[in-house]
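Before any comments, here is the structure.
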Protein chains: 2
Amino acid sequence: MSRTSYLDVKAAILEQIRSGALRPGDTVPGEERLAGEFGCARVTVNRALRELAEAGVVERRRKAGTRVLDPTPRDAEMEIPSVRAEIEATGNPYRYELLARQIAPPPRPVREGLGLIPGIRALHLTCRHWAGACVHQLEDRWINLDVVPTARAADFRAHGPNDWLIQAMPLSRVEHVFSAQNATGEEAELLQIEPGAAIFVTERRTWIEGRAITRARLMHPGATHRLAARTLPPI
Amino acid sequence: MSRTSYLDVKAAILEQIRSGALRPGDTVPGEERLAGEFGCARVTVNRALRELAEAGVVERRRKAGTRVLDPTPRDAEMEIPSVRAEIEATGNPYRYELLARQIAPPPRPVREGLGLIPGIRALHLTCRHWAGACVHQLEDRWINLDVVPTARAADFRAHGPNDWLIQAMPLSRVEHVFSAQNATGEEAELLQIEPGAAIFVTERRTWIEGRAITRARLMHPGATHRLAARTLPPI
DNA sequence: TGACGTATTATGTGCATACATATTATCGAT
DNA sequence: ATCGATAATATGTATGCACATAATACGTCA
């Protein structure tokens with residue numbers, strides 16, 4: 001029997017978060033307590049919690065203890081805030097609109113992106129996010145109902161699917177691919193811009209434990225949209 | 001007199017890299033040795049080096065020791081490879097072309113982005129990066145000669161300014177802002193695309209110790225350009 | 001009652017030590 | 001000379017201990 005590693009502690013706590021035993025806002029037991037439970041030294045627990053804090057999973061404050069964070073604002077290097085927060089930060093009122101919702105077999109590129117067998121149906125949503133009187137984002141999303149069956153029953157008329165998914169599936173892996181494209185006629189109409197105007201397209205795919213959850217194509221008017229990323233030097 | 005912190009060790013080693021005393025490829029002295037020099041425990045040096053390794057500054061291998069890494073491929077989350085590597089990865093031959101070079105007072109937005117006093121002149125470069133027969137990137141760059149006076153003497157006809165700057169100024173802070181725009185007539189001509197076609201624009205600014213080094217506007221044909229970012233889950 | 005100082009508490013970090021593990025170097029046998 | 005076992009070495013990490021630091025809780029005094 002080997003000794004308890006800080007990796008064991010880390011994995012155990014992550015598992016508790018994934019399973020819902022620890023929810024955002026909850027306080028993780030203190031280092032001393034956990035060290036007792038795991039039968040290891042406090043420093044070992046310390047390292048596990050420290051790395052979880054670095055990863056943005058928990059927040060630590062002296063005396064106050066360790067609290068599970070909201071999974072939203074994950075990494076500082078590549079900050080992709082929720083659409084709502086992004087818009088409200090500019091002072092504009094945010095409005096969400098569900099344009100279409102159906103369950104259908106996705107087109108081939110989407111199907112392959114989600115790793116689905118041909119013929120399998122998925123949830124298809126089209127939404128619009130407004131910043132005041134301007135369209136900020138047009139969202140075309142497919143959700144893998146095999147992985148997230150509860151999405152079938154979810155009501156996306158009041159709240160966007162992204163917020164819902166972040167709630168339902170924390171700690172997932174995300175891939176973003178950005179590109180610039182000329183808006184098609186339909187896209188231009190929905191975005192309230194001229195056909196052919198440059199749009200900034202984000203293709204976002206999300207996995208949990210190797211299984212694709214969702215694939216979203218997010219379109220923004222190119223003239224107004226800005227995406228920033230900072231790489232900080234060590235220290 | 002307080003004890004030596006792992007932060008002190010980290011800062012000292014970073015300083016040696018910045019100053020050039022430790023160059024990429026060099027081997028950092030062993031933990032035991034450094035612990036002796038700094039008058040601290042080996043665990044303290046270990047933590048400093050471990051964090052530097054996590055930050056991508058050094059590479060550690062058992063028995064082999066700790067080596068300073070090339071500053072290029074800094075962070076895995078937001079991988080922005082050198083243009084050359086990016087193109088050669090696709091199998092296309094890379095070609096670099098210097099279109100213009102002059103020393104002039106920059107226009108106001110650039111001047112403010114670089115934090116320069118009005119009237120101060122800076123190095124202005126225009127370059128093109130080819131992937132085979134296609135233009136991959138059109139680069140419009142200003143370099144702050146106050147911070148990098150050696151750039152005045154550098155010859156940018158054979159190699160691009162980005163490679164040169166990475167060599168000359170390691171460990172700097174970088175900010176990227178991405179957007180989609182419609183190409184102007186001039187831009188379209190240089191990029192060999194139709195006027196009005198969507199272009200993917202990266203605005204990159206680089207600082208070292210709070211001073212702006214350079215500001216580049218990188219334009220790519222939107223149809224072909226892709227930028228990917230991944231956020232990995234903890235563990 | 002309210003302000004302020006002190007006790008309490010949880011995390012942060014350093015040290016000496018011990019052992020684990022990966023990798024290279026070395027040396028001997030074939 | 002080649003292969004393989006073994007030694008040497010640098011990093012990886014667990015432990016017990018001590019003290020530092022930040023923040024809250026709480027009790028005392030005006």
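Naming convention: chains lettered A, B, ... in sequence-line order (proteins, then strands); numbering from 1 in each chain. Just the heavy atoms: all of them, side chains too, but no hydrogens, waters or symmetry mates, feed the values below.
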Over how many whole Å does the gap from Asn46(B) atom CG to dT13(C) atom P extend?
15 Å

So, Thr214(B) and Arg205(B): side-chain donor and acceptor under 3.5 Å apart, yes or no?
no

What are the bounds, 5' to 3', of the part of DNA chain D that sits under 4.0 Å from heavy atoms of chain A?
dT13(D) to dT24(D)

Strictly by ring-ring contact (aromatic ring centres under 6.0 Å, His included), give each pair with a member in residues 137-157 of chain A just once, sequence neighbours left out.
His124(A)-Trp142(A), Phe156(A)-Trp164(A)

Please tabulate, one pair per line, all N/O donor-acceptor pairs under 3.5 Å involving side-chain atoms of residues 33-43 of chain A, not counting sequence neighbours.
| unit_1 | atom_1 | unit_2 | atom_2 | d |
| --- | --- | --- | --- | --- |
| Arg33(A) | NE | Glu37(A) | OE2 | 3.1 |
| Arg42(A) | NH1 | Glu31(A) | OE1 | 2.6 |

All salt bridge (Lys or Arg N to Asp or Glu O under 4.0 Å) counterparts of Arg111(A), not counting sequence neighbours
none

Side chain to side chain donor-acceptor pair (under 3.5 Å) filter on Gln137(A), not counting sequence neighbours, yields His220(A)

Pull out every residue in residues 36-44 of chain A that has a heavy atom closer than 4.0 Å to any atom of DNA chain C, ordered by number, or say none.
Arg42(A)

Could you state the CD-P distance from Glu31(B) to dT17(C), rounded to the nearest angstrom?
17 Å

Nearest whole Å is fine: how far is dA20(C) C1' from Tyr6(A) OH?
14 Å

Under-4.0 Å side-chain N/O to phosphate OP1/OP2 contact, Arg47(B) with dT13(C):
yes

Indicate whether OP1 or OP2 belonging to dG14(C) is found under 4.0 Å from a side-chain N or O atom of Thr4(B).
no

When the distance from CZ of Arg3(B) to P of dG14(C) is rounded to whole Å, what number comes out?
9 Å

Looking at Glu51(B) and Lys10(B), is any side-chain nitrogen of the basic one under 4.0 Å from a carboxylate oxygen of the acidic one?
yes

In whole angstroms, the gap separating P of dA10(C) from CG of Leu34(A) amounts to 12 Å

Salt bridge (Lys or Arg N to Asp or Glu O under 4.0 Å) involving Arg50(A) - partner list, sequence neighbours excluded
none

Within residues 151-160 of chain B or reaching into it, pairs that qualify as side chain to side chain donor-acceptor pair (under 3.5 Å) - sequence neighbours excluded
Asp155(B)-Arg157(B)

Side chain to side chain donor-acceptor pair (under 3.5 Å) filter on Asn92(A), not counting sequence neighbours, yields Thr90(A)

If the condition is side chain to side chain donor-acceptor pair (under 3.5 Å), which residues does Trp130(A) pass it with, not counting sequence neighbours?
Glu97(A)

Whole-Å distance separating the CG atom of Leu52(A) from the P atom of dT11(C):
13 Å

Between atom CD in Glu59(A) and atom P in dA10(C), what is the gap in whole Å?
17 Å

Using side chain to side chain donor-acceptor pair (under 3.5 Å) as the criterion, list what pairs up with Tyr96(B), not counting sequence neighbours.
none

Between the protein and nucleotides 3-9 of chain C, which nitrogen or oxygen pairs come in under 3.5 angstrom?
| unit_1 | atom_1 | unit_2 | atom_2 | d |
| --- | --- | --- | --- | --- |
| dT9(C) | O4' | Lys63(A) | NZ | 3.3 |

